[in-house]
There are 2 protein chains.
Amino acid sequence: MSEIENITIGEVLKRVRKSKKISQEELAHRSSLDRTYISMLERNIKQPTITTIFLLSKALELRPSEFVQQLEDEFEGITIKRTTV
Amino acid sequence: MSEIENITIGEVLKRVRKSKKISQEELAHRSSLDRTYISMLERNIKQPTITTIFLLSKALELRPSEFVQQLEDEFEGITIKRTTV
DNA sequence: ATGTAGACTAAAGTCGACC
DNA sequence: GGGTCGACTTTAGTCTACA
């Protein structure tokens, strides 16, 4: 229900992946996820579960909380619709 | 397939919720999620997507990265495994 | 090396009801 | 207030294939 902004990880994922200089294929392999799915994540077509975040973080050698931290920075100010102020 | 270590948020969620002294119902309302679903999360029957983590964090008035940080502490040392390559 | 598409199956998330 | 069940709709995530 309602209009909730979806958290998209595309930009963060792509940026981190590139900084590690690995391909989507390589990332897919390291995280045991599908290559086409990684592609979808980066294009914000799908959003991951928490388990997937952990898998990706591990594959990218950074802490899940750091990964989420970067998402936070991006969604800062946008604020997910809070019905109860 | 089989041995996937799922990231479960039950303990963390329940602990934080209780520390804020709010009921599952109240949390459900604040996060725009279903009460039975909150119940399932706390019993580790389901795992949330990243958007849900953000919703819950907001409702619990803590940063998503802090929430994840607490998950990390719990899963520290555990290697997420997914047997399918 | 990436995007996209279609078909598929597992699981997320809702909802009403009862204990 | 919280657990659980069943039925349901939507989306996560896989896989094959082609540009």
Side-chain angles (χ1 to χ4, degrees), chain A residues 1-60 64 67-68 71 80-84, chain B residues 1-60 64 67-68 71 75 80-85:
Chain A
M1 19 201 48
S2 70
E3 349 150 11
I4 297 167
E5 296 279 354
N6 278 330
I7 301 302
T8 52
I9 71 163
E11 291 74 16
V12 172
L13 179 58
K14 191 162 193 169
R15 185 171 67 238
V16 176
R17 176 176 67 77
K18 294 227 161 188
S19 78
K20 301 285 177 178
K21 292 186 168 49
I22 63 178
S23 64
Q24 289 184 353
E25 273 179 339
E26 174 65 13
L27 176 56
H29 180 249
R30 289 195 199 178
S31 60
S32 303
L33 290 167
D34 196 78
R35 201 215 95 218
T36 63
Y37 180 58
I38 303 286
S39 173
M40 285 172 155
L41 286 177
E42 293 195 354
R43 285 174 293 129
N44 297 321
I45 292 174
K46 302 229 169 159
Q47 42 162 354
T49 58
I50 187 63
T51 294
T52 302
I53 293 277
F54 271 65
L55 286 168
L56 290 171
S57 298
K58 216 167 199 15
L60 291 169
F67 198 100
V68 174
L71 289 179
I80 308 172
K81 201 139 190 151
R82 208 198 230 174
T83 46
T84 46
Chain B
M1 349 287 160
S2 61
E3 268 198 90
I4 302 170
E5 295 281 353
N6 279 328
I7 301 303
T8 51
I9 70 162
E11 291 74 15
V12 172
L13 179 57
K14 191 163 194 168
R15 185 171 67 238
V16 177
R17 176 176 65 77
K18 296 225 161 189
S19 79
K20 300 285 178 178
K21 294 185 168 50
I22 64 178
S23 64
Q24 289 185 353
E25 274 179 338
E26 174 65 13
L27 175 57
H29 179 249
R30 289 196 201 180
S31 60
S32 304
L33 291 167
D34 196 79
R35 184 190 67 82
T36 64
Y37 180 57
I38 303 287
S39 173
M40 285 171 156
L41 286 177
E42 292 195 354
R43 284 176 294 131
N44 295 323
I45 293 175
K46 302 230 170 159
Q47 43 162 351
T49 58
I50 187 63
T51 294
T52 302
I53 293 278
F54 270 65
L55 286 169
L56 290 171
S57 299
K58 240 186 192 339
L60 292 168
F67 199 100
V68 174
L71 288 178
F75 286 87
I80 306 171
K81 31 172 143 162
R82 233 177 227 200
T83 47
T84 41
V85 174

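The structure presented is a predicted model; accordingly, all values stated were derived computationally and were not measured. Residue numbers start from 1 in every chain, and the chains themselves are labelled A, B, ... in the order their sequence lines are given, proteins ahead of strands.
Looking at B/S39 and B/T36, their side chains never bring a donor and an acceptor atom within 3.5 Å of each other.
Closest non-hydrogen pair, B/A59 versus B/L27, comes out as CB-CD1, 3.6 Å.
Judged by distance alone, the side chain of B/R43 and the main-chain N or O of B/G10 form no donor-acceptor pair under 3.5 Å.
Atom pair B/R43:CZ and D/dC5:C1' shows a separation of 10 Å (rounding to whole Å applied). Between the C1' atom of D/dG2 and the CG atom of B/L13 lies a distance of 13 Å, rounded to the nearest Å. We find that CG of A/L55 is positioned 16 Å from P of D/dA12, with the value rounded to whole Å. Note: CD (A/E26) to P (C/dA1) measures 10 Å, nearest angstrom. In this entry the distance linking CD1 of B/I45 with P of D/dT4 reads 6 Å, nearest Å. Distance, B/I38 CD1 to C/dG13 P: 10 Å, rounded to whole Å. Between the CD atom of A/E25 and the P atom of C/dA1 there is a distance of 5 Å, rounded to whole Å. D/dG1 atom P lies 14 Å from atom CD of B/E42, rounded to whole Å.
The side chain of A/Y37 sits closest to D/dT14 out of C/dA12, D/dT14, C/dG3. Taking the side chain of A/L33 as heavy atoms from C-beta on, and the options D/dG13, D/dC15, D/dG2, the nearest nucleotide is D/dG13. Taking every side-chain heavy atom of B/D34 into account, C/dT14 is the closest of D/dG3, D/dT14, C/dT14.
Contact check, A/Q47 against D/dA12: a side-chain N or O comes under 4.0 Å of OP1 or OP2. The side chain of A/R17 places an N or O atom within less than 4.0 Å of a non-bridging phosphate oxygen (OP1 or OP2) of C/dT2. One finds a side-chain N or O of A/T49 lying less than 4.0 angstrom from the OP1 or OP2 phosphate oxygen of D/dG13. Contact check, A/S39 against C/dG3: a side-chain N or O comes under 4.0 Å of OP1 or OP2.
Of the two residues contacting DNA chain D, namely B/S23 and B/M40, the nearest-nucleotide position lying further toward the 5' end is that of B/S23.
If you check distances only, the side chain of B/T36 never reaches the base of D/dC5 with a donor-acceptor pair under 3.5 Å. At a cut-off of 3.5 angstrom, the base of C/dA11 holds no donor-acceptor pair with the side chain of B/K46. No hydrogens or angles were tested; on distance alone, a donor-acceptor pair under 3.5 Å links the side chain of A/R35 to the base of C/dG3.
Remark: A/E25 CD to A/H29 NE2 distance equals 11.0 Å, nearest 0.5 Å. Interatomic distance, B/I7 CD1 to A/T52 OG1, rounded to the nearest 0.5 Å: 10.0 Å.
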